[in-house]
Protein chains: 2
Amino acid sequence: MVDVAALAGVSVKTVSRVVNNAPYVQPEVAQRVLAAVAELGFRRNHLASSLRSGQATATIGLLIEEIANPFYATIAGAVAEVASEHDTMLLIASSEENPAREQQLLRDLCARQVDGLLVVPAGDDHAFLRSEVERGTPAVFLDRPAGGLPADTVLLDNRGGARAGVRQLVELGHRRVGILLDSTAIYTMRERLAGARDALAAAGLADDRLIRYGIRDPETAARVVGELLDEPEPPSAFFALNNRISLGAVEELHRRGSAAALLGFDDFDLSRLLPYPFTVVAYDTRTLARTAAELLFRRIQGDRSAPRDLLIPTVLVDRGLPRR
Amino acid sequence: MVDVAALAGVSVKTVSRVVNNAPYVQPEVAQRVLAAVAELGFRRNHLASSLRSGQATATIGLLIEEIANPFYATIAGAVAEVASEHDTMLLIASSEENPAREQQLLRDLCARQVDGLLVVPAGDDHAFLRSEVERGTPAVFLDRPAGGLPADTVLLDNRGGARAGVRQLVELGHRRVGILLDSTAIYTMRERLAGARDALAAAGLADDRLIRYGIRDPETAARVVGELLDEPEPPSAFFALNNRISLGAVEELHRRGSAAALLGFDDFDLSRLLPYPFTVVAYDTRTLARTAAELLFRRIQGDRSAPRDLLIPTVLVDRGLPRR
DNA sequence: CGAGGATCTGACAACGTTGTCAGCCCGGGA
DNA sequence: TCCCGGGCTGACAACGTTGTCAGATCCTCG
């Protein structure tokens with residue numbers, strides 16, 4: 001900038017004014033400055049600029065589990081879209097479900113002076129963020145709640161969706177519903193399981209012996225479905241609590257030519273092309289992410305109202321559920 | 001930092017030394033400083049730090065078409081992984097295939113003083129990056145070549161993969177191969193088409209009347225496959241130049257109970273579960289991205305050798321191709 | 001004709017940090 | 001005894017930019 005000023009024969013302040021389109025610069029002086037900028041290939045240092053002005057860095061931080069996962073990729077895409085509408089860049093970090101790493105990354109994002117944080121929590125204690133939030137870096141949590149910190153949160157209606165889906169199974173006459181899930185250490189799993197139990201209990205059908213935990217991949221899901229079907233009183237319906245599990249269940253049911261009803265939480269691409277029909281509790285991931293991002297930008301723009309908890313509704317997409 | 005220094009009764013420089021683990025600080029002084037840091041919740045301003053030291057910002061920029069797209073999400077994931085290995089954060093921007101937007105985003109990334117750029121080009125002229133690169137911001141292009149700029153490039157072997165796949169069709173006795181693609185304005189489409197033509201020409205089977213352009217979505221692909229099959233001399237095999245097109249082709253061939261051979265470029269999740277078998281020219285997107293990212297970090301670390309062009313091989317994944 | 005405002009410009013300090021350098025203290029060798 | 005070097009500390013300037021303020025010029029209006 002000093003060089004540009006020298007070449008144009010003006011002060012650095014005038015160069016600053018020109019590159020920021022500030023008023024009160026004679027058109028011909030501005031011309032000279034712009035010529036010098038072009039000649040020297042000058043580009044404003046955004047870091048120094050936001051350091052001095054103390055203003056926004058026009059950057060927000062997004063912390064997710066893993067970028068390559070389609071669910072998080074969709075979130076990142078929707079957030080990027082909203083960010084772009086606010087001329088803001090996106091700093092993305094993957095916690096890999098590791099709370100220690102999550103904490104370190106969030107601190108790092110704050111050290112980089114992001115204007116706000118969008119977090120899919122991995123850990124369950126975010127008290128360490130309190131000082132940052134108080135110092136003016138707003139944070140919005142999505143898909144899972146924050147721990148130990150009053151903060152804006154945008155969640156899916158996991159419980160309501162699971163309840164509605166299982167109620168449908170019950171109404172179709174199913175009495176024994178196998179429930180397949182990963183781990184109750186995961187918030188979404190707990191909620192979905194609770195919803196399923198709500199619906200079963202309401203019909204007097206609760207039976208914890210039909211719940212299978214610890215299913216992490218499609219292969220395990222397929223094996224567990226097989227085991228349940230081989231029992232003396234097999235379930236006539238299955239509820240898979242996420243799409244990895246649904247996938248394995250589809251494979252096994254199809255392989256056996258079973259007539260069991262299959263309900264899944266999470267829709268996914270191509271599910272309608274799969275060889276076994278199943279109904280899903282679906283939701284719009286983009287709405288989840290956009291809602292959170294828009295809330296964050298309202299905070300960044302100065303909204304200081306009390307933290308909000310928003311719930312994104314789910315939809316039961318019926319692709320055919322056989323009666324009992 | 002001034003406050004911390006005051007509270008600990010030392011100079012700011014000593015605080016700086018402590019937070020940077022610099023040598024020559026008495027352990028008890030360091031203790032006092034750390035206590036003050038904790039009490040005030042001090043966090044180093046990474047922006048100011050890299051402004052003053054002129055050193056790296058520990059941030060790289062990644063420019064892709066669209067984060068939500070699984071191909072780019074996989075790239076982003078692999079790049080994030082490599083970045084994390086180098087304690088570097090990732091600034092991601094989506095060009096949305098718009099060259100003007102691409103240019104603006106790349107400039108913006110440079111203004112943010114990223115240590116390096118990883119670019120999936122949207123436009124075909126990147127001469128505007130020359131001054132940045134000369135000033136020391138290395139750039140590596142991936143999946144598509146840069147235009148008007150000598151730069152490191154990491155590409156898939158589109159042409160070789162397509163050639164190998166189509167050669168396989170020819171060897172199985174197919175004489176009429178329908179070729180389905182989007183637009184030759186896209187580099188990868190041009191290369192794949194060239195590879196297919198190579199293989200057909202080598203067998204004396206080139207016939208441009210079997211090439212169909214402008215297919216942007218599965219629905220169009222399905223329609224075009226139907227049209228080709230309804231012709232008096234229908235193809236006995238199809239080559240879909242990307243996975244969106246493969247998907248539509250699968251649907252139509254399955255619907256008609258056709259026995260045509262289907263070859264696709266790009267593998268995708270679940271392809272093995274689809275109702276119609278097809279063979280794909282596959283590649284490892286993660287290798288593509290990791291290779292590019294690792295090259296970028298070598299540049300960042302000072303490698304000044306001549307720009308390199310790397311080719312990532314493809315693999316023919318045979319899931320069954322009927323003979324003619 | 002002078003006051004007051006609008007327009008234009010630049011000197012200077014400051015944002016939060018770190019590189020440079022000078023200075024202090026202390027122990028050990030000549 | 002003096003000198004030297006290593007350990008430790010702080011004052012100051014600087015990174016590239018912009019906020020503040022003051023000064024200069026010109027126009028308008030009473």
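Because the structure is predicted, anything quoted here is derived from the model rather than measured. Worth knowing before you read on, the calculation uses all heavy atoms, side chains too, and leaves out hydrogens, waters and symmetry mates. Every chain is numbered from 1, with letters handed out A, B, ... down the list of sequences.
Residue A:Gln26 places none of its side-chain N or O atoms closer than 4.0 Å to OP1 or OP2 of C:dT7. An OP1 or OP2 oxygen of C:dC8 is reached within less than 4.0 angstrom by no side-chain nitrogen or oxygen of A:Tyr24. Between A:Ser16 and D:dT17 there is no side-chain N or O to OP1 or OP2 distance below 4.0 Å. Remark: A:Ser11 is not in phosphate contact with C:dT9, judged by side-chain N or O atoms under 4.0 Å from OP1 or OP2. Taking side-chain N and O atoms only, A:Asn45 has no distance below 4.0 Å to OP1 or OP2 of D:dC15.
B:Val29 comes within 4.0 angstrom of the backbone, heavy atoms only, and of no base.
Each of C:dT17, C:dT18, D:dG16 was ranked by its minimum atom distance to the side chain of B:Ala48; first place goes to C:dT17. Distance from the side chain of A:Thr14 is smallest to C:dG10 among D:dT17, D:dT9, C:dG10. The side chain of A:Asn20 sits closest to D:dT18 out of C:dG10, D:dG16, D:dT18.
Under the 4.5 Å side-chain criterion, counting only non-hydrogen atoms from C-beta, A:Pro99 is not in contact with A:Asp125.
Judged by distance alone, with hydrogens and angles left aside, A:Arg17 brings a side-chain donor or acceptor within reach of the base of C:dG10, the pair sitting under 3.5 Å. Counting distance only, with no hydrogens placed and no angle test, the side-chain atoms of B:Arg52 and the base atoms of C:dT18 include a donor-acceptor pair under 3.5 Å.
Between the B:Asp115 side chain and the B:Thr57 main chain, a donor and an acceptor come within less than 3.5 Å of each other. When atom types are taken as modelled, the side chain of B:Arg135 and the backbone of A:Gly41 share a donor-acceptor pair closer than 3.5 angstrom.
Nearer to the 5' terminus of DNA chain D, by closest-nucleotide assignment, is the contact made by B:Pro27 (compared with the other of B:Pro27 and A:Ser50).
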